Each structure stands twice: as structure tokens, then as C-alpha cells.
Amino acid sequence: MNDTPLPAENSTNSAEPARSLNFIEEIVEANLREGKNDSRVHTRFPPEPNGYLHIGHAKSICLNFGLAKRYDGKTNLRFDDTNPTKEDVEYVDSIKEDVRWLGFNWEGHELYASDYFDQLYLWAEKLILDGKAYVDDQSAEIISRQRGTVTTPGVESPFRNRSIDENLLLFRKMRDGGFPEGACVLRAKIDMAHTNMFFRDPILYRISYTSHHRTGTKWCIYPMYDFAHGQSDYLEGITHSICTLEFEVHRPLYDWFLDQLVDTEYRPRQIEFARLNLTYTVMSKRKLFELVKNNYVNGWDDPRMPTICGLRRRGYTPESIRAFADRIGVARRDNVIDVGLLEFSVREDLNKRARRALAVLNPVKLVLINYPGEKTEYLNAVNNPEKPEEGTRQIPFTRELFIEREDFMENPPKKFFRLFPGGEVRLKYGYIIRCEEVVKDMAGEITEIRCTCDMESKTGGATSNRKVKGTIHWVSAVEAGEVEVRLFDRLFKAIDPDNVAEGHDWKEGLNPDSLKVVRAYVEPSLLDAQPMEHYQFERIGYFNVDSDSQPGAMVFNRTVALKDTWAKMVGE
RNA sequence: UGUCCUGUGGUGUAACUGGCAACACGUCUGACUCUGGAUCAGAAGAGUCCAGGUUCGACCCCUGGCAGGACAACCA
């Protein structure tokens, strides 16, 4: 009903309330004023296809595509696929799906760093020819040790001064499969004492006989990320290369490579921003991978995962994620965003679009002792009070109902507006009832609440105006459908799951109660709900139909609970 | 004991580029309500890491500290 992503709104619209620019927009506008790059704005989103996208990537995606949209530019989707041992088409497919779902389109076809392997190879030879690169026969361990530390200079490789001819021969032999993996690498010849570690003769090419998801077995040498990334941006005419803070140190190296290799004035401008951190959430690919691999969750799209596909399955909308990205802003200082802000963003969106329905998650039977047993009435219910044009539907009402166990208390505290012995409450869209009697089993557990029904108080009737303090939801005991409901809670107990004490594992912070499965009773209309549709179960929360649903065996996911002022009052 | 980056309410992000700090979330009141939702009205909460300096005037500039982060993969 409401799941097709609306096209992202045109943000060049000047009718929008003026918002101050973030630091990236300020740079872009300054460049535009200078007429730099013919006043083009061309960004790119460059994921490595070795994992699934998460909410942190969504920030970057919204940034890159948002910038292009705002300044009438373009954005490339480019896969940085320079390491075939870790990459797979499974990931490129999921990434494309996620970016599209978020509401963005890239220019024509997606691009790959592997598209540039030929050019990159030629550039490597150029460096050799210019005496700026050499083949090193040493092992990874030795090279690493020779690199020195951040406070001490490195030492030069004994192979550093091979002749150009020898280097060229050796490099071509590497390319032609003349060496086993690890036998040698191609290194840039820069400065082993440089304060920037990346200038200490960085590795340009290494040998790998792994088949590449796109180039197959054409190559057995692959460029390192640092030797591919900046040049890829250059080849694509990228004007602003937006990336996260940790790549700041790489920037001078990218510039160095281009300075050696091309003679145009044009350069992509790299701008770094602080990555997103969320409370109660781990975001590193490595950790998410581990959660999936070791079955701490049920796959990448487990609704408890911060992955885009997890959030999608959980019931988040693209609009809510974009609104979230907008709200968190972008800056260069480290930050931790309250997950509550993400939850606020879905509630805000779902409140406007989700149809309302009645569902009882923790049922207790309620009998209307003065209501005829054979009677079934159909009560009018509003589909969405935020959108009256969506009309009404009918809900069957009978003598025996289910209500929420939490909506009844034998000894209620002050300000308890729900049902209690002798108290009155309205059944949503129905009648005002009074609790007359409580039936319990041997264990003292309430098995039935017996009430009288004020037949004059029917919603919409001429005499329905009586006010009572509370309204509760319900479902007909005979007409209700039975479904499975999955109640999710945060995956981690600790607010900062990355921060673990010495000798402890971050997985100890997992919340054992992050998934609770219950059987629930729902109004009949819900049985026709379609996969991925969003609903608000009145007074409970937002739910969507899970893909595990089968005909006759519906499964609903709780996206997020409704804000619960009462729970806060009584201390959660 | 290196280089680079960063330091504004509880959390994020602003401050027309030097004129004593705004917005959002959160928190707390109250109104309204057939969702203790939504909505509406209002409040509290920082004097901008610290110390000097320049200036009539500094969150914005300078100096010196302090604190946090990044960087030593044949990963990206």
C-alpha cells in the first residue's frame, strides 16, 4: 500500500525554509562561485562489495546523492572491487537494491574500479619507467617491519634500487603469472622516513590468483585500494570525493599519484566527514559479519540488524531514513547519535501513513454479561485519523472479547485510566463497559473479566457522548484472527557495545531478550495484509508484515513501539 | 612521547564569517483527545575545553596548554 519508495523530493526547491549549510555544502558553493570544474558537481558512492550496507552507509548515500540533487549534479555508484578474495556479486546485488530502495538512482549503469584495471596497470608501468616504483621480493612481514612506526622512520628495502629495466621485466612477469602469490609486490618509491606512513613506499600491486567477480582470471595482480581509489575518482570526473575521516591521511597520497600520472589541472577534491555512530549498536562490517556468520542473528536482514535490509524488513521506510540522515547533520567531530532519534524518525513517518488496526498481544478474555451471545455487530473504525480520506472499515463486535492483560488491574495505582473492578472504560469504536467481576483459576491467574455494557454509549450514536477516562483496544474472541508477532528490542544491552572491558568479548553485551515471539489476536481485516505493509496497532506500536508470512500464518514485526507516557510514569 | 584532525546544553547540528548562542531529539509542565499516540502551548538546560593575548567587542583571530580521534594490512 505505501511501500513503493516515493522519488526523493527535489531539494533544489527554493521554497523550502532556508537551512544553514553544512560544511560540505559550503565548500561546494564556494567552488561553484569560483567556477571550479566548470561548476559541475559530481559525487560518487564507492562501497566495497564485501558486505551489506548499514545505516552508516545510508548517511553517506544521502550525503552524496543529496549533494548532487541539490546542486543539479550527478552521483556515480562505483564498486571498489580491487580485492577479489573478499568480494562477491551477492554483495553488489544487495548494495544496488538498497541504494535504489533508499530512493536514489545513479548515472546509467553502475561502475567498478575493475573497469579501470587496464589504465591502472599502464599507470603502474609509467611509474616504473619514471623510476618511481620498484618490485620488492620481500615478505609481507619484512616489509611491515621495515616500515617503522609512527614515531620512528622506516628503512629502505634492499630491492629499492633495481634498474628500471629489471623492474619492468619483473612487473610484467608478475602480471603474466610468473610468480606465486606473495613472492613479490610492486611498491612506489617515495620516502621511507615520511611522517605520513602512507608515503613509506606504499604497495601498489600484489599477486592473487583468486578469480575476480567481473574480470575472472584475466588478472593475477590487483591494485591496492590506495592506488585505485583516487585515480578512479579522477577517471570519472568526480568533483567532490566525500568519504569518512580515516581516509584523511590518504588524501596527500592520492594527490601524489595524480601529480605523477596526469598533467591536467583538474583534481577531485576529497572531503572527509565523521562516520555515524549509534547508541546500543555496533556498526563495523567485521562485527556485523560475525553476528551473521555465527548465527547470533538470522541473517543480514534480521530486523534487529542496523543494515539497510534489516531496517527495511523491520518496517523502516526510506523516507524515515532520509529524514534521519537529514536530522543528524554532518560534521568532522566524532559523534554518537541516540537510536531514539532513528526511532523518532520512523514514528513520525509511520504516524502519517500507517493504517490503524486493533490487535491484542497479551490477551485476557472479557465477557459482556448483558450483551446477547448470538449477536455480531459491525463497528465503524477509522483507517487513519491523520488521513480522513482513507475512510473507515468494519470490525466485528461480540459478547466475548479479548483485551490486553495490561489494560486491567485489580488494585490500580492512582491515575490508572484503564479497567479495574467497578471502573468504566470505553472499548475503542464501541461501548462503555463496567467491570463487575473477575474470574481466576486455581493459581490466582485472571481467566476472565466480566463486564456490563452500556448499550446507550455506542460510538457514533446519539447518546454516545458520555466521557470516561480511558479507552482501550479489543478484538472479538470469536471473529479474531491469530497471528505471530515478533517483538524486537535493542540487540545490545550496553549503550556502547564497542566499549568492552579487558578480557571480555563484545558479544557478551548482546541482549538475550532482543527477540520475543508471541501469538496475538487481530481484527479480521489484518488477515488480508500484504507483505511489507505498515500498520499501527492502536495503542501498541507500528508493525509490518514480515516476509516469512504464509497464507493463514501471518507474521508481523514490531517496527517500533508507540511512545508510552504511562510506562514512563510508572518507571518503564 | 611524531604528523594530522577535532573540542558549543544530556545528544546531535547551527550562529548572517568578530556584535554575548539558535534548531532538532530528549527531559519537564499544561491543554486537548474514543490511541496515556498525534497535535497545541510553555519551561528548564550551555555562556562555547582551559589559560593568556589582539579588539570597543571573540564560539569565531593569535599563542600556549589540556582532552579525544586518526595513521605503522600484500584490507577498503
Side-chain angles (χ1 to χ4, degrees), chain A residues 19-22 26 46-48 50-51 80-83 85-87 113 136 138-141 143-145 147-154 181-187 194-198 200 203-208 221-222 224-226 228-229 244-252 272 274 279 285-286 326-338 340-345 347-348 351-352 356 358 382 385-386 415-418 425-430 432 457 459-460 464 467-473 536-542 561-569:
Chain A
R19 188 199 91 212
S20 57
L21 304 179
N22 63 48
E26 253 168 46
E48 184 192 14
N50 71 340
D80 267 333
D81 55 352
T82 54
N83 184 4
T85 62
K86 291 187 176 172
E87 295 149 8
D136 194 337
Q138 299 181 109
S139 68
E141 295 73 17
I143 289 175
S144 171
R145 205 172 315 139
R147 189 147 17 229
T149 72
V150 290
T151 53
T152 61
E181 282 183 14
C184 48
V185 292
L186 182 71
R187 288 229 258 171
H194 202 111
T195 51
N196 184 332
M197 298 291 288
F198 292 106
R200 320 248 267 222
I203 290 169
L204 270 26
Y205 268 89
R206 76 293 215 186
I207 299 168
S208 173
I221 57 171
Y222 292 94
M224 297 292 289
Y225 173 85
D226 277 351
H229 192 80
T244 45
L245 249 25
E246 67 266 32
F247 292 103
E248 182 176 2
V249 208
H250 299 239
R251 194 199 323 148
E272 308 87 10
T279 55
K285 265 188 190 177
R286 198 205 93 225
D326 223 61
R327 235 182 299 252
I328 59 177
V330 53
R332 286 176 65 84
R333 64 182 102 110
D334 292 340
N335 63 84
V336 184
I337 308 287
D338 190 340
L341 191 60
L342 219 208
E343 296 173 346
F344 168 83
S345 298
R347 281 199 198 96
E348 179 188 52
N351 173 53
K352 286 180 297 193
R356 313 289 131 123
L358 299 188
V382 176
E386 304 287 322
K415 300 250 211 135
F416 183 79
F417 298 156
R418 284 113 99 152
V425 86
R426 175 174 288 280
L427 295 174
K428 180 84 182 177
Y429 304 125
I432 292 173
S457 65
T459 298
S464 69
K467 300 287 182 202
V468 286
K469 49 271 148 208
T471 300
I472 64 173
H473 61 279
Q536 184 201 96
F537 291 178
E538 295 211 40
R539 303 211 310 132
I540 303 178
Y542 295 99
L562 245 34
K563 192 173 146 192
D564 192 343
T565 312
W566 170 248
K568 194 159 23 181
M569 272 173 70

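So you know, we letter chains A, B, ... as the sequences are listed, proteins then strands, and number each from 1. Everything numeric in this text was worked out from a predicted model, so none of it was measured. The figures that follow rest on heavy atoms only: side chains count, while hydrogens, waters and symmetry mates do not.
- Applying the salt bridge (charged side-chain N to carboxylate O under 4.0 Å, His left out) test to A:Asp226 and every residue at least two apart in sequence or in another chain returns nothing.
- Checked against B:A76, B:C25, B:U35, the side chain of A:Leu341 finds its nearest nucleotide in B:C25.
- Counting to the nearest Å, the P atom of B:U6 and the CG atom of A:Leu245 are 9 Å from each other.
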Are any protein N/O atoms closer than 3.5 Å to N/O atoms in nucleotides 13-19 of chain B? If there are, list each pair with its distance.
| from | atom 1 | to | atom 2 | distance (Å) |
| --- | --- | --- | --- | --- |
| B:U13 | OP2 | A:Arg333 | NH1 | 2.7 |
| B:A14 | OP1 | A:Val330 | O | 3.4 |
| B:A14 | O2' | A:Ser20 | OG | 2.9 |
| B:U17 | O4 | A:Glu26 | OE1 | 3.1 |

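- OP1 or OP2 of B:A76 has at least one side-chain nitrogen or oxygen of A:Thr82 nearer than 4.0 Å.
- Every residue two or more places apart in sequence or in another chain that forms a ring pair (Phe, Tyr, Trp, His ring centres under 6.0 Å) with A:Tyr225 is listed here: A:His229, A:Phe247.
- In this structure, A:Lys568 reaches the B:U27 phosphate: one of its side-chain N or O atoms is under 4.0 Å from OP1 or OP2.
- For the side chain to side chain contact (heavy atoms under 4.5 Å, CB included) test, residues two or more places apart in sequence or in another chain that qualify with A:Glu343 are A:Tyr316, A:Arg347, A:Arg490, A:Val560.
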Expected rows: protein N/O vs nucleotides 2-4 of chain B N/O, under 3.5 Å:
| from | atom 1 | to | atom 2 | distance (Å) |
| --- | --- | --- | --- | --- |
| B:G2 | N3 | A:Val150 | O | 3.1 |
| B:C4 | O2' | A:Glu248 | OE2 | 3.4 |

Show each protein N/O and nucleotides 44-47 of chain B N/O combination with a separation under 3.5 Å, one pair to a line.
none

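- Distance from the side chain of A:Phe198 is smallest for B:C71 among the nucleotides B:G37, B:C71, B:C75.
- Residue contacts for A:Phe417: at a heavy-atom cut-off of 4.0 Å it reaches a base atom on one of the strands shown.
- Contacts of A:Glu181 classified as salt bridge (charged side-chain N to carboxylate O under 4.0 Å, His left out), with partners at least two apart in sequence or in another chain: none.
- Rounded to whole Å, the distance from CD on A:Glu181 to P on B:A73 is 20 Å.
- Residue A:Arg147 places none of its side-chain N or O atoms closer than 4.0 Å to OP1 or OP2 of B:A73.
- Not a single side-chain hydrogen bond (donor to acceptor under 3.5 Å, both in side chains) links A:Arg147 to another residue, sequence neighbours left out.
- Remark: the A:Glu343 side chain and the B:G26 base include no donor-acceptor N/O pair separated by less than 3.5 Å.
- Annotation: side chain to side chain contact (heavy atoms under 4.5 Å, CB included) contacts of A:Thr151 (sequence neighbours excluded): A:Thr149.
- When the salt bridge (charged side-chain N to carboxylate O under 4.0 Å, His left out) test is applied to A:Arg206, no partner is found at least two apart in sequence or on another chain.
- Atom NZ in A:Lys428 sits roughly 12 Å away from atom C1' in B:G36 (whole-Å rounding).
- In RNA chain B, consecutive stretches of 3 or more Watson-Crick or G-U wobble pairs with both distances under 3.5 Å are given as paired ranges: B:2-7 with B:66-71, B:10-13 with B:22-25, B:27-31 with B:39-43, B:49-53 with B:61-65.
- In the set B:G37, B:C74, B:G36, B:C74 carries the atom at the smallest distance from any side-chain atom of A:Ile143.
- Residues passing the ring pair (Phe, Tyr, Trp, His ring centres under 6.0 Å) test with A:Tyr222, sequence neighbours excluded: A:Phe117, A:His212.
- One atom, CZ of A:Phe344, and another, C1' of B:U39, lie 12 Å apart when rounded to the nearest Å.
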